[in-house]
Protein chains: 2
Amino acid sequence: MKTRITEMLGTKYPIVQGGMMWVGRAELASAVSNAGGFGILTALTQPTPEHLVKEIERCRGMTDKPFGVNLTILPTAKPPPYEAYLDAALDNGIKVLETAGNNPKEFIAKAKARGVKIVHKCTAVRHALSAERNGVDAISIDGMECAGHPGEDQIGCLMLFAIAAKKVKIPLIASGGIADGATMAAAFALGIEGVNMGTRFCATQEAPIHDDIKQLLVKASERDTTLIFRTLHNTGRVLKTVVSEEVVAIENRPGGCEFKDIQHLVSGAKGREALETGDATKGLIWAGQSVGLIDDIPTCAELIERMVGECRELLEQAGRRAA
Amino acid sequence: MKTRITEMLGTKYPIVQGGMMWVGRAELASAVSNAGGFGILTALTQPTPEHLVKEIERCRGMTDKPFGVNLTILPTAKPPPYEAYLDAALDNGIKVLETAGNNPKEFIAKAKARGVKIVHKCTAVRHALSAERNGVDAISIDGMECAGHPGEDQIGCLMLFAIAAKKVKIPLIASGGIADGATMAAAFALGIEGVNMGTRFCATQEAPIHDDIKQLLVKASERDTTLIFRTLHNTGRVLKTVVSEEVVAIENRPGGCEFKDIQHLVSGAKGREALETGDATKGLIWAGQSVGLIDDIPTCAELIERMVGECRELLEQAGRRAA
């Protein structure tokens, strides 16, 4: 396959494993890159920038293919040392950064001065156009089906991808709702040049997640995710569990909800505990509606080869029907 | 183009103009059918079954191509004479019915005994599978981006189409979010054999709607629709207007909302008045997120030919990139 995304990433296929907290580690990133996709290490999953340096080295020991680093920049009371994480990536041979959240122009300038490409994640067309003006190299555009933060507009993936493809000139990566060759073929048909997968890569052999959680993803249907934090205008999509139901119940209480009311349920440490112990009652588990397309736990290589085959076959069939 | 949908409908293209209250009249249905698509008259837009007979005759005077009739069956206190509307269609040469809402087995049996095909609209995969078991001939599957009633699950079109395409064996029509050749190509790439458009056909020369309302659709972005009736578990997607904002405000009042609280704002007669006078303050205007893809008011023939060309071109490009 050949698109502006494969050229930018230096990969065989335009399939990206998006940065995910606790999951974006060397085991998964190297497996995706070895399979012809583009693996991404999540910077903030590492406790310090020095740990990120070691994780990059560890990943390089597991693959000779290119991989990237995700840096998600959120406004918080006690921000992590973002610039030190950025430097850890730039100083250790990373050629592509996935950014999300705020995208400070000085970070873009610093990365570009080193010849590093920036793929910026957005959940709205207007944000994509703004990032394009600010000089990012590609946009990973995230529709409402996606896991994690789909933004506040609730625009479906089909619609968001189609409108972005009409308006954005730099290459696009479809994110949210992509989990197989069919959804990849749909993104291609819209004129989009790459796909990003999060939830689907969590249900692979190499994902560093307890098998019981992978089995939950296999069992879940498209109706088994829910939106949290809508009342806080920081909407997130998670797997429906006793924890998420409790969060939603508190958010729906008459009189409204503040962050402190749910803080005890939503800490990242608890989400990590759920992923590591396999006990879904421990914390929130991020998952997209694409769980409805996940029926097995293949290796990353099996998954990617199957997707590529199915994508080609469906596009051929579609071309014949449209003729 | 040739799919099981074109064969079933007897059309040049698998492009269906879905039944819409007040809009699904002979002017629009005949224009769509003349352009190679499949136009649909909305039964309940006619005040009596006798008026439907006359509308079918009027449409037949405007096109020699096939067209259908939509019959939406909803549980209400004072139901219209559904069976008499059904008979009006069956006795007057209609070969394809679009059904929505409840789908009584006896209506299916009656239609099938006359050799009439049934395309049933669903908003959930489980409902599609149930309709398939009940013997309908095709499913028009409606994702959350759609105008009107997207159901309560809030599953995005991309996801719903992809999962339905994997599980449903009878032919599928993608509905919701389709407005151009790109979104049509995406549906084809998912293995879906036809597309349904509502909002897009409202913004055509032939749609029997005041031009000021068409201009509102052209101006609106994908962020200019809103969901109403969520609190009543009868979710509907409409254009954001002063009327819809008032409905949402009442629905969000602490203490909840009953239908009687908003009844004065939502009557169908008021929606009709808005469409006919062009005054959007009169009543609710149904519209899908696909308004974000609508930039002009072409004839149905211009629209369909442009879509077909764009769809073919995008599928060719996608095939080359995926090779």
Side-chain angles (χ1 to χ4, degrees), chain A residues 1-3 6 14 124-126 143-146 153-163 165-166 174 176-193 221-223 227 254-256 288-290 292-293 295 308 311-312 314-323, chain B residues 1-3 6 14 124-126 143-146 153-163 165-166 174 176-193 221-223 227 254-256 288-290 292-293 295 308 311-312 314-323:
Chain A
M1 293 186 172
K2 190 178 167 182
T3 71
T6 58
V125 176
R126 65 194 188 286
M144 67 81 71
E145 286 98 322
C146 78
D153 292 346
Q154 294 293 303
I155 308 298
C157 284
L158 176 65
M159 210 54 353
L160 196 65
F161 297 168
I163 297 170
K166 268 178 80 171
I178 308 289
D180 62 7
T183 42
M184 182 173 167
F188 269 50
L190 292 166
I192 288 180
E193 299 179 55
S221 89
E222 69 278 13
R223 300 170 70 220
L227 294 176
Q289 288 186 343
S290 67
L293 285 171
D295 301 321
V308 167
C311 173
R312 287 175 175 153
L314 280 165
L315 286 173
E316 264 177 48
Q317 173 186 272
R320 279 196 309 275
R321 286 175 170 173
Chain B
M1 293 187 173
K2 191 178 166 181
T3 71
T6 57
V125 176
R126 65 194 187 285
M144 66 81 71
E145 286 97 322
C146 78
D153 291 347
Q154 294 292 303
I155 309 298
C157 284
L158 176 65
M159 210 55 353
L160 195 65
F161 297 168
I163 297 170
K166 268 178 80 170
I178 308 289
D180 61 8
T183 42
M184 182 175 169
F188 269 49
L190 292 167
I192 288 180
E193 299 179 54
S221 89
E222 68 278 13
R223 300 170 71 221
L227 294 176
Q289 289 186 343
S290 66
L293 285 170
D295 301 322
V308 167
C311 173
R312 286 175 175 152
L314 280 165
L315 286 173
E316 264 178 48
Q317 173 186 271
R320 280 196 308 274
R321 286 174 171 174

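Just so it is clear, the structure is predicted and the values come from calculations on it, not from any experiment. Lettering of chains follows the sequences in order, A, B, ..., and the numbering in each one begins at 1.
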(message) Can you tell me which portion of B:Ala323 sits under 4.5 Å from chain A's heavy atoms? Options are side chain, backbone, both or neither.
(response)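 Just its backbone gets close to chain A.
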(message) With a 4.5 angstrom heavy-atom cut-off, is it the side chain or the backbone of B:Thr3 that approaches chain A, or both, or neither?
(response) side chain
(message) Test your reading of the model: is there a side-chain donor-acceptor pair from B:Arg321 to the backbone of A:Gly191, 3.5 Å cut-off?
(response)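 Looks like yes, one N/O pair under 3.5 Å.
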(request) Search all heavy atoms of B:Ala322 against all heavy atoms of A:Cys311 and return the closest pair with its distance. (result)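 Taking every non-hydrogen atom into account, CB-SG, 4.4 Å.
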(request) Determine the minimum heavy-atom distance between A:Arg223 and B:Asp153, stating which atoms define it. (result)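 A:Arg223 and B:Asp153 have their closest heavy atoms at NE-OD2, 2.9 Å.
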For chain A, which candidate among [options] shows the most heavy-atom pairs at distances under 4.5 Å?
options                                : answer
B:Met144, B:Lys2, B:Gln289             : B:Gln289
B:Leu314, B:Leu293, B:Val308           : B:Leu293
B:Ser290, B:Ala124, B:Gly319, B:Ala187 : B:Ser290
B:Met159, B:Gln317, B:Gln154, B:Glu193 : B:Met159

(request) Return the option, out of A:Ala179, A:Ala182, A:Ala165, with the maximum number of heavy-atom pairs under 4.5 Å with chain B. (result) A:Ala182
(request) Among A:Gly176, A:Gly177, A:Gly143, single out the residue with the greatest number of heavy-atom pairs under 4.5 Å to chain B. (result) A:Gly177
Please flag which part of [X] lies under 4.5 Å from any non-hydrogen atom of chain B: side chain, backbone, both or neither.
X        : result
A:Arg320 : neither
A:Ile192 : backbone
A:Leu158 : both

Once you round to the nearest 0.5 Å, how far does [atom1] of [X] lie from [atom2] of [Y]?
X        : Y        : atom1 : atom2 : answer
A:Glu222 : B:Ile155 : CD    : CD1   : 5.0 Å
B:Thr183 : A:Leu190 : OG1   : CG    : 7.5 Å
A:Leu315 : B:Glu316 : CG    : CD    : 12.0 Å

